[in-house]
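The structure appears right after this line, and notes come after that.
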Protein chains: 2
Amino acid sequence: MSKNEHDKLSKAKQLQSTELSAILGRLDKKGARRLMERVDTSLIALRRILRATEMFGRDLAKAAGLTPAQFRVLQVISEKGWSTPKAIAQRMGVSQATMTALIDKLERKGMVTRQRSERDRRQTDIVITELGASAIDEAPDALQQIFVRRFEALEDWEQAQIIASLERVASMLDAHDIDAAPVLDWGDISGKPN
Amino acid sequence: MSKNEHDKLSKAKQLQSTELSAILGRLDKKGARRLMERVDTSLIALRRILRATEMFGRDLAKAAGLTPAQFRVLQVISEKGWSTPKAIAQRMGVSQATMTALIDKLERKGMVTRQRSERDRRQTDIVITELGASAIDEAPDALQQIFVRRFEALEDWEQAQIIASLERVASMLDAHDIDAAPVLDWGDISGKPN
DNA sequence: TCGTTTGCTTCGGTAGCCTAAGTAGTTCAT
DNA sequence: ATGAACTACTTAGGCTACCGAAGCAAACGA
């Protein structure tokens with residue numbers, strides 16, 4: 001164990017200090033300090049949420065006899081009852097190759113079936129089976145259950161506030177497509193020739 | 001339990017309907033309706049947050065020349081400059097074996113070094129190197145940057161509200177240990193003989 | 001009709017993760 | 001102080017997830 005190494009407390013703070021330096025220039029000491037603390041606090045809370053979700057994902061999947069990834073695929077399919085490999089892959093942000101493998105496994109477990117599309121015979125429709133549907137229905141979505149239960153217990157004003165905040169944060173984060181990775185959700189907007 | 005109805009939008013709705021039925025019984029029509037909408041909205045926002053984070057995690061790690069998991073390990077170590085495999089494993093919710101493998105890779109890349117602890121020679125201190133520290137510093141933590149930037153732009157009261165809400169949600173979710181997996185964070189509370 | 005594009009699969013390879021079984025080092029009761 | 005029990009870590013073997021490249025068939029375009 002080394003002594004000089006831990007002369008810095010929170011790395012989190014350092015991480016942001018670079019970030020914040022520009023901002024801080026424009027604020028008085030007190031304001032700067034408060035902002036920093038707040039960002040810290042928020043990020044920590046966010047990490048807790050992320051972590052909790054990740055952990056739950058595992059038990060959930062385990063309980064349903066599926067892996068987390070397989071379960072997510074099944075969830076997506078179950079929205080409409082069917083889908084195509086490409087659509088699911090895009091939605092989950094993985095390659096088609098990966099999707100093929102995941103579907104293989106779900107098919108082997110009898111959760112979905114593949115059938116060539118009538119519309120376009122290059123496509124394959126992935127259709128959820130009875131078994132698959134019930135797997136989804138019966139999956140004890142612990143995270144959701146607990147969240148729902150506790151959310152229900154909150155005061156009215158608090159529920160409203162949480163919603164507003166979550167949506168705020170969500171939009172702060174996922175609007176990144178716009179300024180960081182514009183080429184992500186095109187799809188089929190206009191009949192672009194090129 | 002309703003299943004394949006809407007061909008669009010929230011899976012969330014379906015998942016919860018089962019969940020909510022019990023709760024709804026105790027509420028008047030209007031209240032029930034509002035609660036449902038609110039839970040939906042919250043869960044959707046939560047998923048957006050989760051998804052955004054996941055995606056960012058990948059680019060981030062890719063940009064730093066590390067995989068997401070490796071990057072997270074490095075982050076944890078960098079908080080204090082050093083740590084032990086066990087501590088990191090616990091914190092990240094993975095097994096020690098997995099941790100060993102991750103550390104192996106970071107060590108091979110020269111990001112951290114292993115050194116036997118003086119305190120207790122069963123332990124190994126994982127110490128971050130210059131290289132590792134700079135990898136963290138220079139990592140374009142897009143998620144964080146964007147979040148920080150936008151957070152800063154908010155009104156004071158709104159920042160405060162978001163913090164309160166995030167912490168609320170975090171505690172609603174990660175307090176699950178208590179009622180779902182009590183055997184997770186024991187640690188060393190009392191000198192339990194058995 | 002031929003060349004290109006599209007949707008999917010196959011192949012080979014990397015990473016993350018786990019459990020079980022080791023190997024040192026520590027504690028503690030006898 | 002010696003051996004059993006425990007602890008921190010590593011090794012070994014085995015899954016799943018994921019990717020890029022290459023292959024194939026259907027669809028499309030001119």
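Chain letters run A, B, ... following the sequence lines, proteins first, then strands; residues in each count from 1.
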Checking all strands, does B:R114 fall into the base, sugar-phosphate, or nothing category for heavy-atom contacts under 4.0 angstrom?
sugar-phosphate

What nucleic acid atoms does B:S95 come within less than 4.0 Å of, heavy atoms only: base, sugar-phosphate, or nothing?
base

With a 4.0 Å cut-off on heavy atoms, is A:T98 in touch with a base, just the backbone sugar-phosphate, or nothing at all?
base

Taken to the nearest whole Å, CD/B:Q123 to C1'/C:dT26 is 11 Å

Closest-nucleotide ordering on DNA chain C, the 5'-leading residue of B:R72 and A:I103:
A:I103

May I have the distance from A:I88 (atom CD1) to D:dA17 (atom P), rounded to whole angstrom?
14 Å

A:D104 side chain, from C-beta outward: closest of C:dT10, D:dC9, D:dA17
C:dT10

Among the nucleotides C:dT9, C:dC17, D:dC9, whichever has the atom closest to the side chain of B:L102 is C:dC17

Treating B:Q75 as the side-chain partner and B:I136 as the backbone partner, does any N or O pair qualify as donor plus acceptor under 3.5 Å?
no

Only residue of B:R119, B:Q115, B:R121 satisfying side-chain hydrogen bond (donor to acceptor under 3.5 Å, both in side chains) with B:S117 is B:R119

Between CZ of A:F71 and P of D:dT16 the distance, given in whole Å, is 18 Å

Mind checking if B:A97 touches a base, just sugar-phosphate, or nothing, with heavy atoms under 4.0 Å?
base

Tell me whether A:D120 contacts the main-chain N or O of A:R122 through its side chain, where contact means a donor paired with an acceptor under 3.5 Å.
yes

Rounding to an integer number of Å, can you tell me how far B:M99 CE sits from D:dT11 P?
14 Å

When rounded to whole Å, the NZ to P distance for the pair A:K86 and D:dA26 reads 18 Å

Starting at CG of A:D120 and ending at P of D:dA25, how long is that distance when rounded to a whole Å?
16 Å

Residue-phosphate contact under 4.0 Å: A:K105 side-chain N/O, D:dA17 OP1/OP2:
yes

If you compare every side-chain N and O of B:T100 against the phosphate oxygens of D:dT10 (OP1, OP2), does one of them come in below 4.0 Å?
yes

Select from A:G93 and A:R121 the residue whose nearest nucleotide in DNA chain D is closer to the 5' end of that strand.
A:G93

Please give, in whole Å, the distance from D:dT10 C1' to B:R108 CZ?
13 Å

Quick check: are there more than 12 heavy atoms from other residues, nucleotides or ligands sitting under 6.0 Å from CZ of B:R168?
no

Of the candidate nucleotides D:dA26, C:dT26, D:dC9, which contains the atom at the shortest distance from the side chain of B:Q96?
D:dC9

Please give, in whole Å, the distance from C:dT27 C1' to B:R119 CZ?
17 Å

Report yes or no: does B:T129 contribute a side-chain atom to a donor-acceptor pair with the main-chain N or O of B:G110 at less than 3.5 Å?
yes

Which listed nucleotide (C:dC17, C:dT26, C:dC8) is nearest to the side chain of B:R122?
C:dT26

